[in-house]
2 protein chains.
Amino acid sequence: MQDVQEPAAWGGVEPEAAQRLLTAGVEAFAERGYHATTTRDIAGRAGMSPAALYIHFKTKEELLFRISRVGHERARAVIAAAAESEGTAGERLAYAVRAFARWHAEHHTTARVVQYELAALGEEHYAEIVALRREIDRLVRGIIEDGVRDGEFAVADVPGTALAVLSLCVDVARWFSAAGSRPPEEVGSLYADLVGRMVAAPDARDARRHGPQK
Amino acid sequence: MQDVQEPAAWGGVEPEAAQRLLTAGVEAFAERGYHATTTRDIAGRAGMSPAALYIHFKTKEELLFRISRVGHERARAVIAAAAESEGTAGERLAYAVRAFARWHAEHHTTARVVQYELAALGEEHYAEIVALRREIDRLVRGIIEDGVRDGEFAVADVPGTALAVLSLCVDVARWFSAAGSRPPEEVGSLYADLVGRMVAAPDARDARRHGPQK
DNA sequence: CTCGACGCTGAGCAAGCGCTTAGGGCCGTA
DNA sequence: TACGGCCCTAAGCGCTTGCTCAGCGTCGAG
């Protein structure tokens, strides 16, 4: 259980000690879950005493919130880059799925906290996070709507399909493990291909037929 | 937050009080998570004192295990019925996905415990559950392999696709909520269609084009 | 050199946790 | 009526939890 990922993860946050607490929190929450993680465990991983946590964060829940917010903002940025890129709806959707699935694999520890610890947030913090999640949902649905309008996609249930596409990517965080799994970029390519087939109109199929090798 | 589901859910289990504890445990674990649930809460929902729990279950973890095992066995039964049914690989896969996705929607409380509380199990119990999960995986992969062999499916990465199909269905338990969502059978139909398009060989498309009426 | 602010620690508090134990009512059998 | 087994409760034990607080060292500003 090593952590090769998270390169310059929490870049330039506050005093360096707060940064260490954030990464320690991500690791611990991802491994055991929020409620099974003790403040002593987090502080220990960051190399300090339990009391030090409360200098940088008001409560354990606020530490979770800070992790969750930064995580959601990064996830949104990944989708937004795809949605705002040039190209057909098919290209933008492939970009979005490839990048989003890959992000969930590469940063699966952060992603696990982002996707599976929402219930532990306080009411106000939860509301703020939900707003970010709705934006992500809206961006994906927008791409699919574009494709349907252009006749590139044949999708009967747009909201349902958008939900399924996001759901597929999100669940990568659950099953992906750095050790046993295929590399993140492979997950991204596979998922982009699968989603492409899910939405493609029959006549637009030939464009995809020649496959994902580039 | 009512519970219309779970009809004759834990049918004929032990003394009736143990049954009440199991359903109370499912509700509480699904709502708050295993670690955030107290034995007092479970006992309270079942209408008894905290000590009563320990007459029927050795520990809180054993209660979780019993829920998880029964849940996994039911999930496996759903997939097994599809895998062993008559029909083409395409028909069996559609059956499997429709039933499995629908099960995760209909029994989303049980499913949440089944899919998201594995980490709370003890080592031996975890191993027993993992064996059940591998069977489910094997059954789905088997159907897809059949379809590829018959030329009905065009799938480059069979294990990866099987994983994605299961992942898609499993994640229904995360986002589905009885109140706000579409009905479970609609989720099943949508997902069966999406997965069908994911795996179908281009030439077999026409068979699907005219839809699911039999 | 003095001093206040900052980052941190050691010790510990109140609350809540999983779980145990002693005992009480209720049942079918004799 | 007597009795043994089954369910159950009231009380509480030992421990861990999130969090606090008094105090200590370090360091830049005056």
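Chain A is the first sequence line, chain B the second, and so forth, proteins listed ahead of strands; every chain is numbered from 1.
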Residue B:Tyr54 excluded, over 12 heavy atoms near OH under 6.0 Å: yes
For residues B:Ala17 and B:His56, report the shortest heavy-atom separation together with the two atoms involved. CB-NE2, 3.8 Å
Judged by modelled atom types alone, do A:Gln115 and A:His104 share a side-chain donor-acceptor pair under 3.5 Å? yes
Roughly how many Å is it from CD in B:Glu61 to C1' in C:dC19, rounded to a whole number? 14 Å
Nearest-Å distance for atom pair CD1/P, residues A:Ile42 and C:dC8: 16 Å
Strictly below 4.0 Å, N to O, side chains only: are A:Arg45 and A:Glu31 in salt-bridge contact? yes
Does the protein touch nucleotides 7-14 of chain D at the base, only the backbone, or not at all? Give it as B, S and - per nucleotide, heavy atoms under 4.0 Å. -BBB-B--
From OH of A:Tyr54 across to P of D:dG18 the rounded distance in Å is 6 Å
Donor on one side chain, acceptor on other, B:Thr88 and B:Glu152, under 3.5 Å: yes
Salt bridge between B:Arg141 and B:Asp137, side-chain N to carboxylate O under 4.0 Å? yes
Please report, rounded to the nearest Å, how far the C1' atom of C:dG16 is from the NE2 atom of A:His35. 14 Å
What is the separation between atom CG on A:Leu53 and atom C1' on D:dG18, rounded to the nearest whole Å? 10 Å
Atom CG of A:Asp41 and atom C1' of D:dT17 are separated, to the nearest Å, by 13 Å
